[in-house]
Amino acid sequence: MSMKWKRLGENVWFLSPSIVLTAALGVYPLIWMLRYMFYDYAGYGEPLFIGLDNFQRLMRDGQFWESVGQTFVYAGGKLVLTLPVSLLLAVFLNGKLRGAGLLRGIYFVPTIISTAVISVVFYTIFNAYNGMVNTVLMKLHLIGQPIDWLGPKYAMLTVILVAVWGAVGNYMLLFLAGLQGIPQDLYESASIDGASASRRLWSITLPMLAPVAQLVIMLAIIASLKGYESIMLITEGGPIGKTEVMYLYLYKLLFPVSTGSPVEQQLGYGSAVGFATAVIVGAITGLYFLLSRKMNKMY
Amino acid sequence: MNKLTKVAGRTIMWAFLLLTAVLTLFPILMTLTGSLKTGAEMMTGGTLWPSKLQFANYAEAWKQANFARYTWNSAFVSVMVTIGTLLVAAMAAYVVDRRTFPGKSLYVMVQASMMFISVGAIVLRPQFEMMVALHLNTTLWGVILILISAHSSTFFMLLGFFKAIPRELDEAAMVDGSGFARTFFRIILPLLAPGLGVAGLFAFRHAWNEYILPLVFTMTNPQLQTLTVGLANLRYGASAAMQIHLMMAGACLSILPMLIVYMVANKSFIQVTAGSVKG
């Protein structure tokens, strides 16, 4: 009996730091949100219970739904560019290639740099008037006039390109790990049978990579829906809200984007928005999970 | 014909690989050259290389723009977060891997959902209130504790490493009269060193690069700001246009330590990303 209690005591002391921290700073904030989404609460004074009013407001909040649409454009654009490029890089680097180690190192560098820091850099080099992107493009005679990268027409493309820049190396590495799990003798016997390189790619590499790719794509979807830090630093959601994704919209309900700029804190409504964003991300992830399982069965 | 397509294929492949490498390095190169130009040069733009290398920019950023303070704060936060995360996650992972106890699957489920639920910035408010209640909002410990509390990915990473250490080792130690905690700290933890090294790299990188959390917590307390926050404030500052050269120097100061860590630990970085599949 005492042995059992001793073991239990040991378990408790080893787990308690993790449990206390997770409960206080991970779970409690979620419960806090689930409560205040039914309140009118500005962050000071007495919170007022208003039932579902915040959700009615959410339904009618055009700015929020626009930001949801922008989130899909941003995430979709990021995925459409990141996934094929990183997969191609992984396939090329997986072959016996001179300098593969060096190239892999170069492609991986963006993933160790702070999103915030490099976003400040991108903000300056995409500047239409004195930014280095226009300078280089004009020196190479690729464009005749400076492009207004942060203007209404190109701002979304710019923030997508920045996101792709930061993500490619990471997904390349994950794909590379998947590729290295494919048995080499499959390729050898295919070569003996006279299969061409593209044939081997379609008939061996891609099908064998499917399980890993499924997981990697899911991670990529979640990450691309969640990102807003670099947008905040490059365009602040502008111009005229063109790049305001839903998590940035939420942030602006709670905190000033730059120190000093005024913000009317809306913690009650912000809680409702936070809940809605989690539901949207959860629904998309769940949908993808179901679809990819169906696809699995088809093969 | 066959040979021709092969040559064409290789050319396209190399063009793609090299173009991607150039585009990857471009902003980093621009940061480096920008940090060595004068403020006026940056403002007018149009030049590729600095007319004269302005190493004084670094001294200016370090002293006048307060980057010495920011660097110290970043280093302090990152080191504490790394140690704390590893300790908390390793202890939990050890018990979860070696023992059965009531609520184990609930614990694992909560940790897993912590990685997937994302409600954005709203959690910062209750977290802040918590730190005010503990009187930690005027120190960096609030930021540190919150970063440590997000240890679920480290937990799962270490769980994998624990599985590779045979249970017979624990049992042998116990038979020799070593207690549970002693066995863990003296025998198992040293064996976990490679796993702790790579998980630590990730924790350090995450803390060093974190922006929104320290931003919100230090808005009214410039003395506590980290490199990311201090740098971003330059961008929002009234004289931002005249300080681009300082921004670039500051960015270099922030990137360099991670780059050095990366070059030293290149192999393990790549191994773990490959092994753990982290978003």
Side-chain angles (χ1 to χ4, degrees), chain A residues 10-11 14-15 17-18 21-22 24-26 28-30 32-33 88-89 92 103 105-110 112-118 120-125 129-132 135 173-174 176-177 215 219 222-223 226 229 233 247 250-251 254-255 258-259 267 270-271 274-275 277-278 281, chain B residues 13 16-17 20-21 24-25 27-28 30-31 42-46 48 88-89 91-92 94-95 99 101 110 114 117-123 125-127 130 145-146 148-149 151 180 205 209 211-212 216 219 228 231-233 235-236 244 247 251 254-255 258-259 262 266 270 273-274 277 279:
Chain A
E10 287 159 0
N11 292 350
F14 264 57
L15 275 172
S18 168
L21 284 169
T22 308
L25 299 167
Y28 166 73
L30 294 179
W32 187 96
M33 178 196 81
L88 262 183
L89 290 178
F92 289 155
L103 285 172
I106 290 174
Y107 300 142
F108 192 64
V109 165
I112 60 165
I113 294 176
S114 161
T115 309
V117 169
I118 208 67
V120 171
V121 171
F122 273 117
Y123 165 71
T124 65
I125 66 177
Y129 163 65
N130 59 9
M132 290 311 287
T135 305
L173 219 54
L174 297 177
L176 205 53
L215 184 64
L219 291 171
I222 297 175
K226 272 164 76 172
E229 207 175 276
L233 280 157
Y247 282 105
L250 171 60
Y251 183 89
L254 309 169
F255 304 103
S258 52
T259 18
L267 297 181
S271 296
F275 180 73
T277 56
V281 173
Chain B
M13 179 185 84
F16 176 73
L17 288 173
T20 314
T24 304
L25 292 177
I28 301 168
M30 289 306 112
T31 318
M42 285 304 273
M43 241 169 90
T44 14
L48 283 179
V88 169
M91 285 167 76
Y94 183 57
V95 174
R99 294 203 161 162
F101 53 88
V110 169
M114 282 294 121
I117 297 175
S118 58
V119 296
I122 189 75
V123 295
R125 177 67 191 210
Q127 284 172 343
M130 188 80 83
L145 280 179
I146 294 172
I148 295 175
S149 79
H151 57 266
F180 182 70
R205 176 179 75 171
N209 291 342
Y211 170 60
I212 305 243
V216 169
M219 251 172 200
T228 50
L231 184 70
N233 281 347
R235 171 239 187 277
Y236 288 121
I244 307 181
M247 276 188 228
S254 148
I255 294 172
M258 279 313 299
L259 212 55
Y262 166 56
N266 183 1
I270 284 180
T273 316
V277 185

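In what follows, chains are A, B, ... by sequence order, proteins preceding strands, each numbered from 1. In this text the structure is predicted, and so the values were computed from the model without any measurement.
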Strictly distance-based, threshold 3.5 Å: is any side-chain N or O of [X] a donor or acceptor partner for the main-chain N or O of [Y]?
X: B/R125; Y: A/L267; answer: no
X: B/Y211; Y: A/V117; answer: no
X: B/N209; Y: A/I112; answer: yes

Just give me the residue among [options] that pairs up with chain A most often, heavy atom to heavy atom, under 4.5 Å.
options: B/P27, B/G120, B/A92; result: B/P27
options: B/M247, B/M13, B/M91, B/R235; result: B/R235
options: B/T31, B/I122, B/V88, B/L25; result: B/I122

At a heavy-atom distance under 4.5 Å, which candidate from [options] has the highest pair count against chain B?
options: A/Y107, A/F275, A/Y251; value: A/Y107
options: A/Y247, A/Y129, A/F122, A/W32; value: A/W32
options: A/A278, A/P29, A/G26, A/A116; value: A/P29
options: A/T22, A/L103, A/L250, A/T277; value: A/T22
options: A/S18, A/G274, A/P17; value: A/S18
options: A/L254, A/V121, A/N11; value: A/N11

With a 4.5 angstrom heavy-atom cut-off, which part of [X] approaches chain B: side chain, backbone, both or neither?
X: A/I113; value: both
X: A/M132; value: both
X: A/S114; value: both
X: A/I125; value: side chain
X: A/S271; value: both

How many angstroms lie between [atom1] in [X] and [atom2] in [Y], if you round to the nearest 0.5 Å?
X: A/F14; Y: B/F180; atom1: CZ; atom2: CZ; value: 5.0 Å
X: B/I148; Y: A/L21; atom1: CD1; atom2: CG; value: 7.0 Å
X: B/F101; Y: A/E10; atom1: CZ; atom2: CD; value: 13.0 Å
X: B/I255; Y: A/I118; atom1: CD1; atom2: CD1; value: 4.5 Å
X: A/L25; Y: B/H151; atom1: CG; atom2: NE2; value: 10.5 Å

Please state whether the side chain, the backbone, both or neither of [X] comes within less than 4.5 Å of a heavy atom of chain A.
X: B/S118; result: both
X: B/V216; result: side chain
X: B/V119; result: both
X: B/M114; result: side chain
X: B/L145; result: both

| task | On the 0 to 90° scale, with breaks at 30° and 60°, tag the B/F16-A/F92 ring pair as parallel, tilted or perpendicular. | result | perpendicular
Query - Within-4.5 Å side-chain heavy-atom neighbours: B/I244 and A/N130 - result: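 In contact.
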Legend entry - Trace of the side chain to side chain contact (heavy atoms under 4.5 Å, CB included) decision for B/I212 with A/F255: CA-CA 10 Å; B/I212 305 243; A/F255 304 103; over 6 Å; no
For A/Y28 and B/P126, the nearest pair of non-hydrogen atoms, with its separation, is CE2-CB, 3.9 Å
